[in-house]
Undergrad: 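Take a look at this one; I'll ask things after.
What you see is a predicted model, and the numbers here were worked out from it, not measured in a lab.
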Amino acid sequence: MGVLIIASLTELIGISLLVRIVTVMFVIMILVLGLQLFMGNSGILSFAHIGFMGIGAYTSVLFSMTPKAKELSNADLYPFLIPLHLPFLPSVLIGALAAAIIAAVISYPLMRLSDAAAVITTFALLVIIMSCWCIGTASPTGHAPCLA
C-alpha cells in the first residue's frame, strides 16, 4: 500500500528528478526482495540473480527503444537489432521471459551446490554473464567498451 502511495505522490508532484530517484529506488527494492527471498529460504548468498536481472533489463530496453534512439546511443549496434521496437509492457514481458529461460538453463546444474561452493560458483557466473554481456553488446568490429 505504501508503494502505491509513494508512486502516486511522485507522479502527482511531477518533478523529473524525483521520478527518477523513486524509479531507481523501486528497481533496487525489487533486487533486494529477490535476494531476500532466495537467502531467506536457502541461507546461501547468490550473486547470479543480479546477472539475470541485468539480462532481463537489457533485453527489455533493446525491444522498447525506438530505432532512432538506438542509432544515436549506439551507432555500432548490430543492424538486425535496430528496427526492433515494441511498447513498454510487451518489452518488459519479453525481457522477463528471456531472463527466466536463461536462468532456468544455467541454474539447473547449480542446484546441488551448497555453502561456499555455491557462493563462489554464483559469483563466477556473475562474472561470466558480465563478460558475455560485454562481448555480446560489442560492435560488429569487436570493440567491447565495458572490457576496455
Side-chain angles (χ1 to χ4, degrees), residues 1-67 69-70 72-74 76-78 80-139 144-148:
M1 186 66 170
V3 172
L4 291 175
I5 293 171
I6 292 172
S8 299
L9 286 176
T10 303
E11 202 56 40
L12 287 174
I13 294 172
I15 301 172
S16 63
L17 178 62
L18 184 62
V19 170
R20 183 175 233 154
I21 290 170
V22 171
T23 302
V24 170
M25 179 187 74
F26 285 152
V27 169
I28 292 171
M29 188 169 56
I30 290 170
L31 189 63
V32 168
L33 286 173
L35 183 60
Q36 174 59 33
L37 278 172
F38 185 79
M39 281 188 58
N41 292 330
S42 69
I44 298 172
L45 177 62
S46 172
F47 294 103
H49 80 283
I50 299 167
F52 298 137
M53 185 176 174
I55 289 171
Y58 190 78
T59 304
S60 65
V61 165
L62 276 179
F63 281 98
S64 65
M65 284 178 70
T66 63
K70 289 177 189 176
L72 292 174
S73 65
N74 190 354
D76 293 332
L77 192 64
Y78 288 105
F80 71 91
L81 292 175
I82 292 174
L84 294 175
H85 177 66
L86 294 174
F88 174 74
L89 191 57
S91 298
V92 170
L93 294 176
I94 290 171
L97 183 66
I101 290 170
I102 292 171
V105 169
I106 291 175
S107 299
Y108 183 73
L110 304 178
M111 288 190 316
R112 292 185 157 286
L113 298 176
S114 62
D115 300 331
V119 174
I120 293 169
T121 305
T122 59
F123 184 72
L125 182 60
L126 177 62
V127 170
I128 291 169
I129 289 171
M130 188 254 182
S131 299
C132 292
W133 190 342
C134 290
I135 292 169
T137 58
S139 66
C146 52
L147 294 177

Undergrad: To the nearest 0.5 Å, what is the distance between CD1 on Ile106 and CD1 on Ile55?
TA: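 Separation between the atoms: 6.0 Å.
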Undergrad: What's the separation between atom CZ in Phe52 and atom CG in Leu126, rounded to the nearest 0.5 Å?
TA: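 Reported value, rounded in 0.5 Å steps: 9.5 Å.
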Undergrad: So, taking the atom named CG in Leu18 and the one named CZ in Arg20, what distance separates them when rounded to the nearest 0.5 Å?
TA: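 One gets 12.5 Å once the value is rounded to the nearest 0.5 Å.
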Undergrad: Which heavy atom of His85 sits nearest to which heavy atom of Met65, and what is that distance?
TA: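 Closest heavy-atom pair between His85 and Met65: ND1-O, 3.0 Å.
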Undergrad: Taking atom CG of Leu31 and atom CD1 of Ile50, what is their separation to the nearest 0.5 Å?
TA: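 If we round to the nearest 0.5 Å, Leu31:CG and Ile50:CD1 are 5.5 Å apart.
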Undergrad: Can any side-chain N or O of Ser107 pair as donor or acceptor with the backbone N or O of Ala104 at less than 3.5 Å?
TA: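 The answer is no, because no donor-acceptor pair under 3.5 Å joins these two groups.
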Undergrad: Give, for atom CD1 of Ile30 and atom CG of Leu35, the distance between the pair rounded to the nearest 0.5 Å.
TA: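 Answer for the CD1-CG pair, Ile30 versus Leu35, is 14.0 Å.
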Undergrad: Quick check against the 3.5 Å criterion: does Lys70 have a side-chain atom that pairs as donor or acceptor with the backbone of Pro83?
TA: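 Judged by distance alone, no pair lies under 3.5 Å.
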Undergrad: State which residue, out of Ile28, Val27, Val22, Ile21, fulfils the side chain to side chain contact (heavy atoms under 4.5 Å, CB included) condition with Val24.
TA: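 Looking at Ile28, Val27, Val22, Ile21, the match for Val24 under the side chain to side chain contact (heavy atoms under 4.5 Å, CB included) is Ile28.
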Undergrad: Please tell me if the side chains of Leu93 and Phe63 come closer than 4.5 Å, counting only heavy atoms from C-beta onward.
TA: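 Answer no - side chains too far apart.
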Undergrad: Roughly how far apart are Leu9 CG and Leu4 CG, rounded to 0.5 Å?
TA: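 So the gap between those two atoms works out to 11.0 Å.
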Undergrad: Could you point out which residue of Ile6, Ile13, Leu12 forms a side chain to side chain contact (heavy atoms under 4.5 Å, CB included) with Thr10?
TA: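 Answer to the side chain to side chain contact (heavy atoms under 4.5 Å, CB included) test with Thr10 among Ile6, Ile13, Leu12: Ile6.
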Undergrad: Do you know which two heavy atoms are closest between Met29 and Val3, and how far apart they sit?
TA: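 Nearest pair, atom of Met29 first, then Val3: CE-CG2, 3.9 Å.
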Undergrad: Can you list the steps and then say if Thr122 with His49 is a side-chain contact (heavy atoms from CB on, under 4.5 Å)?
TA: CA-CA 9 Å; Thr122 59; His49 80 283; over 6 Å; no
